[in-house]
Amino acid sequence: MNSSEYPLERQFDLASTLISAQAFQWREFNGIWVGAVADTVVAIRQTPSSIIVEDYCADNWSPQEYFRMRDNLEDINRDLRNDPLIDTLLAAKADIALTSQDPWQCTLMFLCSTNNNAKRISNMVLSLNRMFGVAVETPYGKIHKFPSPRSLSSATVHQLEACGLGYRAKFVRDFASIIHQGALDFKDLKKANYKDAVAQLVELPGIGPKVADCISLLSLDKLEAFPMDIWIRRVVSRRYYRLLEKSDVRRLLDESKTVSPQLYRHVTLAMRSHFGRFAGYAQNALYCNAKRLVSERTIAT
DNA sequence: CCGGAACCTTGTTG
DNA sequence: ACAACAAGGTTCC
């Protein structure tokens, strides 16, 4: 076990970030967050001035990188500062960091995320780890590493269904095979521009435009990606309708109707042109705000 | 290309 | 308690 302390290069809230539905593998043990990341298992805790990481399998996992501590938030915020709502949210200091994850792991988790809720996604990911990941002894019990492409590609659909994946089992297996065979290289996607990366991602089984945007933003350094889920759909149609075609707004407002690929493209393009090259940061702020408002409401009633 | 339905399952809601 | 519904969408037709 390798323990290191990293000074907080800027303030952010660890707990809020780890439950913000950017990743689904984290579990808390009295303020200490334990989870599988990339090819290791880590326990993280936050002090007022630092992040302390215990790394159980390696010594190269960097919280600075994972939490994007080196992004220049002043530049980013200045860039986003032609938007009143974002200004308000930035002033409120939600302190939720944007994560930069391992693409293989990130893609797997978002494959599990479709038509699903955070709690269940988390259960699915933890089951996959338990069934297919290498067990590691920690003070918090046996924690399993994230499975390799090899192990998931040789899994049976039946085994994956036993992890609670449902109809996603086939997607996960097929996707794992593609990666295991080397038919897609995430390094190429990192080098590619946003548009090309998304175009390649949506060719993969179970990955549509929304999941492709999440992967691009959270693991491929495409900070202009603006994933639109149901929460962003609501915010956009109610607070940013001026940027959109009337017919698109009507379509978004009627939640009984699905978002067609073209509508998704229209709307997210409009948002990207509004927010610019760091649109993903704006998306994260809007998403967290929407969720926060809802949780306050459920507590109040 | 578009719209609508089906999709596994579980946690939450009324 | 228990049915109905929603849940960070995608695929198929």
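The chains referred to below are lettered A, B, ... by the order of the sequence lines, with proteins before strands, and numbering in each begins at 1.
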Lys/Arg N to Asp/Glu carboxylate O, A:Glu255 vs A:Arg234, below 4.0 Å: yes

If I take atom [atom1] in residue [X] and atom [atom2] in nucleotide [N], what distance separates them, rounded to the nearest angstrom?
X: A:Arg120; N: B:dT13; atom1: CZ; atom2: P; answer: 17 Å
X: A:Phe110; N: C:dG8; atom1: CZ; atom2: P; answer: 11 Å
X: A:Leu263; N: B:dG4; atom1: CG; atom2: C1'; answer: 14 Å
X: A:Asp254; N: B:dG3; atom1: CG; atom2: C1'; answer: 12 Å
X: A:Met109; N: C:dG8; atom1: CE; atom2: C1'; answer: 13 Å
X: A:Lys257; N: C:dG9; atom1: NZ; atom2: P; answer: 18 Å
X: A:Asn289; N: C:dG8; atom1: CG; atom2: P; answer: 16 Å
X: A:Leu217; N: C:dG8; atom1: CG; atom2: C1'; answer: 13 Å

Which atom of A:Thr40 lies closest to which atom of A:Lys145, heavy atoms considered: CA-CD, 4.3 Å

[Y] versus [X], side-chain donor and acceptor atoms under 3.5 Å:
X: A:Asp213; Y: A:Tyr264; answer: yes
X: A:Thr99; Y: A:Gln101; answer: yes
X: A:Ser20; Y: A:Gln22; answer: yes
X: A:Arg27; Y: A:Tyr140; answer: no

Would you indicate what [X] reaches in the nucleic acid, counting non-hydrogen atoms under 4.0 angstrom: base, sugar-phosphate, or nothing?
X: A:Arg251; answer: sugar-phosphate
X: A:Ser20; answer: base
X: A:Val259; answer: nothing
X: A:Glu255; answer: nothing
X: A:Ala169; answer: nothing
X: A:Arg234; answer: sugar-phosphate
X: A:Lys210; answer: base

- prompt: How do A:Thr114 and A:Lys119 order along DNA chain B: which one's closest nucleotide is nearer the 5' end?
  reply: A:Thr114

Give me the distances for all protein-to-nucleotides 11-13 of chain C N/O pairs that come in under 3.5 Å?
| from | atom 1 | to | atom 2 | distance (Å) |
| --- | --- | --- | --- | --- |
| C:dT11 | OP1 | A:Gly206 | N | 3.0 |

- prompt: Is there a donor on the side chain of A:Tyr167 or the base of C:dG9 sitting less than 3.5 Å from an acceptor on the other?
  reply: yes

query: Taking a pair as Watson-Crick (N1 to N3 plus N6-O4 or O6-N4) or G-U wobble (N1-O2 and O6-N3), both under 3.5 Å, which stems of 3 or more consecutive pairs involve DNA chain C?
result: B:3-7 with C:9-13, B:9-14 with C:2-7

field: P spacing across the pair B:dC8 / C:dA3, given as an integer number of angstrom
entry: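 Result for the P pair: 22 Å, nearest Å.
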
message: Taking only the P atom of each, what is the distance from C:dG8 to B:dG3 in whole angstrom?
response: 25 Å

message: Test your reading of the model: is there a side-chain donor-acceptor pair from A:Lys222 to the backbone of A:Lys190, 3.5 Å cut-off?
response: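 Here the side-chain-to-backbone pair exists.
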
query: Has the side chain of A:Arg120 got a donor or acceptor atom that lies under 3.5 Å from a matching backbone atom of A:Asn117?
result: no

task: Measure from the ring center of A:Tyr66 to the ring center of A:Trp61 and say whether it is less than 6.0 Å.
output: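 Yes.
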
field: salt bridge (charged side-chain N to carboxylate O under 4.0 Å, His left out) involving A:Asp102 - partner list, sequence neighbours excluded
entry: none

A:Asn115 side-chain N/O to B:dT10 phosphate OP1/OP2 under 4.0 Å: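 No, A:Asn115 has no side-chain N/O under 4.0 Å of OP1/OP2 on B:dT10.
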
